[in-house]
2 protein chains.
Amino acid sequence: MLSNSSKYALKAVLYLANKTDESHKLMVKDLSEPTQVPKAYLAKLLQALSKQNIISATKGPKGGYYLTKENKENPVYSVIEVIDGNQRLEACVLGIDECNAQHPCPLHEYVNPTRTALLSTLKKMTIAELSLDLSNGASFLSR
Amino acid sequence: MLSNSSKYALKAVLYLANKTDESHKLMVKDLSEPTQVPKAYLAKLLQALSKQNIISATKGPKGGYYLTKENKENPVYSVIEVIDGNQRLEACVLGIDECNAQHPCPLHEYVNPTRTALLSTLKKMTIAELSLDLSNGASFLSR
DNA sequence: GAAATAACATGATAAAAATCATATTTCGGA
DNA sequence: TCCGAAATATGATTTTTATCATGTTATTTC
């Protein structure tokens, strides 16, 4: 459904969400372990997210990655969008460019409602909201 | 969401559904054009589907691919399953193996209901049912 | 202002997915 | 029974995704 890259990015961002802010940062290696994402690979993903202002970073000693208030207000979908682009979830299930409500592919009417619902959730819900369950112990990023 | 292979396979199977039966078959090249799928690639996909009895085939002159009554009663999902496997749509969105209702990932409760609905649709609906709209002119495989 | 530490930029390698090509088998018809 | 037409089996190539590695730049601290 999502690429590995998106999955990894989401895990890292959610982890950052309730562990960091402007004065509490984390380095790649501190993210790699709890999220189970290979360090070098994660580094590349974080750089991409940082460049698109989905997450924040400062270089040098005492530096690291973190999420500002504004970062935390971003929709969950923004992470997916930066990494996978928007076509992966939004394009026609059969990959037919001309598919739309007026000129639907055979799956359109069956798949679209639930797909739209999913997208709408991902676009409305913020990183902050989603990470709440995590801090409550109501959800988990690993065993 | 789906791999290119699955998209291609679905298009081909749906096309076969209302163009073929035991006495009307189609060759790869006759499927390649209307579905917009590269011929050699489609050939490989059809062979995989045939081997798993999702579609039927006969060799030699007057041969080709076709769908029997039984083939047409298969769920749409069976095509996806043969090509992509079941993990692509059924595994945890974040790729966390231990994720389940009792031990959910942060996205689980938000994504799962709609994902389950989607899967249930794909597993219930048969090829025959889905191809009806196509024969009505209510849906399309290309422009 | 030098040294250490962190992200950043870039590119190399590996694995998987997508695509193409070709020889082999099976079957129908002349 | 032989020829051609079709799927089948197999594998080669290309492209994309995933992964690893390393040199460069910015920033803090001494």
Side-chain angles (χ1 to χ4, degrees), chain A residues 1-13 16 20 22-32 35-68 71 80 82-85 87-88 94-95, chain B residues 1-13 16 20 22-32 35-68 71 80 82-85 87-88 94-95:
Chain A
M1 198 151 190
L2 300 178
S3 68
N4 276 353
S5 294
S6 270
K7 291 175 191 171
Y8 291 168
L10 279 171
K11 291 210 270 182
V13 169
L16 283 172
T20 67
E22 281 83 349
S23 49
H24 301 86
K25 304 166 187 172
L26 287 177
M27 301 181 299
V28 184
K29 69 158 184 261
D30 299 323
L31 282 164
S32 172
T35 55
Q36 312 257 64
V37 180
K39 193 173 49 169
Y41 191 11
L42 181 56
K44 210 166 202 175
L45 294 172
L46 292 172
Q47 288 172 211
L49 292 170
S50 170
K51 189 183 291 189
Q52 304 297 321
N53 300 309
I54 305 298
I55 67 178
S56 303
T58 57
K59 292 183 183 180
K62 289 292 283 175
Y65 290 103
Y66 61 101
L67 263 53
T68 63
N71 290 151
I80 299 173
V82 164
I83 304 292
D84 280 344
Q87 289 302 295
R88 183 160 189 138
L94 294 183
Chain B
M1 197 150 190
L2 300 179
S3 68
N4 278 352
S5 294
S6 271
K7 293 174 190 170
Y8 293 168
L10 279 170
K11 291 210 269 183
V13 169
L16 283 172
T20 67
E22 280 84 349
S23 49
H24 301 86
K25 303 166 188 174
L26 286 177
M27 299 182 299
V28 184
K29 69 159 186 265
D30 299 323
L31 282 164
S32 172
T35 55
Q36 314 256 62
V37 180
K39 193 173 48 163
Y41 191 9
L42 181 56
K44 209 166 201 175
L45 294 172
L46 292 172
Q47 289 171 213
L49 292 169
S50 169
K51 189 182 291 190
Q52 303 297 320
N53 301 307
I54 304 298
I55 68 179
S56 303
T58 56
K59 291 185 182 179
K62 289 292 282 176
Y65 289 103
Y66 62 100
L67 262 54
T68 63
N71 290 151
I80 299 173
V82 164
I83 304 292
D84 280 345
Q87 288 302 293
R88 184 160 187 136
L94 293 183

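Numbered from 1 within each chain, the chains take letters A, B, ... in sequence-line order. Reckoned from all heavy atoms, side chains included, excluding hydrogens, waters and symmetry mates.
By the side chain to side chain donor-acceptor pair (under 3.5 Å) test, A:Thr35 is found to be paired with no residue, residues two or more places apart in sequence or in another chain being considered. Taking the side chain to side chain donor-acceptor pair (under 3.5 Å) definition, one finds that B:Thr20 meets it with nothing, sequence neighbours left out. In this structure A:Thr68 satisfies the side-chain contact (heavy atoms from CB on, under 4.5 Å) test together with A:Glu22, A:Ser56, A:Tyr66, A:Glu70, A:Asn71, sequence neighbours excluded.
Checking C:dC20, D:dA18, C:dC8 against every side-chain atom of A:Ser5, the shortest atom distance belongs to D:dA18.
Across every non-hydrogen atom of B:Lys25 and B:Thr58, the tightest pair is NZ-OG1, 3.2 Å. Between B:Ala9 and B:Ile83, the shortest heavy-atom contact is CB-CG1, 3.9 Å.
Using a 4.0 Å heavy-atom cutoff across all strands shown, A:Tyr66 reaches no nucleic acid atom at all. Contact annotation for A:Leu26: backbone-only contact, meaning every heavy-atom pair under 4.0 Å involves sugar-phosphate atoms and none involves a base.
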Cut-off 3.5 Å, no hydrogens considered: what does the side-chain donor-acceptor table look like for residues 36-54 of chain B, sequence neighbours left out?
unit_1, atom_1, unit_2, atom_2, d
B:Tyr41, OH, B:Ser5, OG, 2.4

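Here the C1' atom of nucleotide D:dA5 and the NZ atom of B:Lys39 are 13 Å apart, to the nearest Å. Spacing between atom CE of A:Met27 and atom C1' of C:dA6 amounts to 8 Å, rounded to whole angstrom units. In this structure, A:Asp84 places its CG atom 15 Å from P of D:dT16, rounding to the nearest Å. Between the NZ atom of B:Lys25 and the C1' atom of D:dA5 there is a distance of 13 Å, given to the nearest Å. Atom NZ in A:Lys11 sits roughly 14 Å away from atom P in D:dA18 (whole-Å rounding). The distance between atom CD1 of A:Ile83 and atom P of D:dT19, rounded to the nearest whole Å, is 13 Å. Straight-line distance from the CD atom of A:Gln87 to the P atom of D:dT16: 15 Å, rounded to whole Å. What separates NZ of A:Lys29 from C1' of D:dC20 is a distance of 18 Å, to the nearest Å.
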(Q) Run A:Met1 and B:Met1 through side-chain contact (heavy atoms from CB on, under 4.5 Å) and show every step you take. (A) CA-CA 5 Å; A:Met1 198 151 190; B:Met1 197 150 190; 3.5 Å; yes

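Residue A:Tyr8 places at least one side-chain N or O under 4.0 Å from the OP1 or OP2 atom of D:dT19.
Applying the ring-ring contact (aromatic ring centres under 6.0 Å, His included) test to residues at least two apart or on different chains, none of the pairs has a partner in residues 46-65 of chain A.
Rounding to the nearest 0.5 Å gives a distance of 10.0 Å between CG of B:Leu2 and CZ of A:Arg88.
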Nucleotide N/O to protein N/O under 3.5 Å, stretch nucleotides 23-30 of chain D:
unit_1, atom_1, unit_2, atom_2, d
D:dA26, O4', A:Lys59, NZ, 3.2

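For DNA chain C, the neighbouring residues in residues 40-53 of chain B, judged by any heavy atom under 4.0 Å, are B:Ala40, B:Tyr41, B:Lys44.
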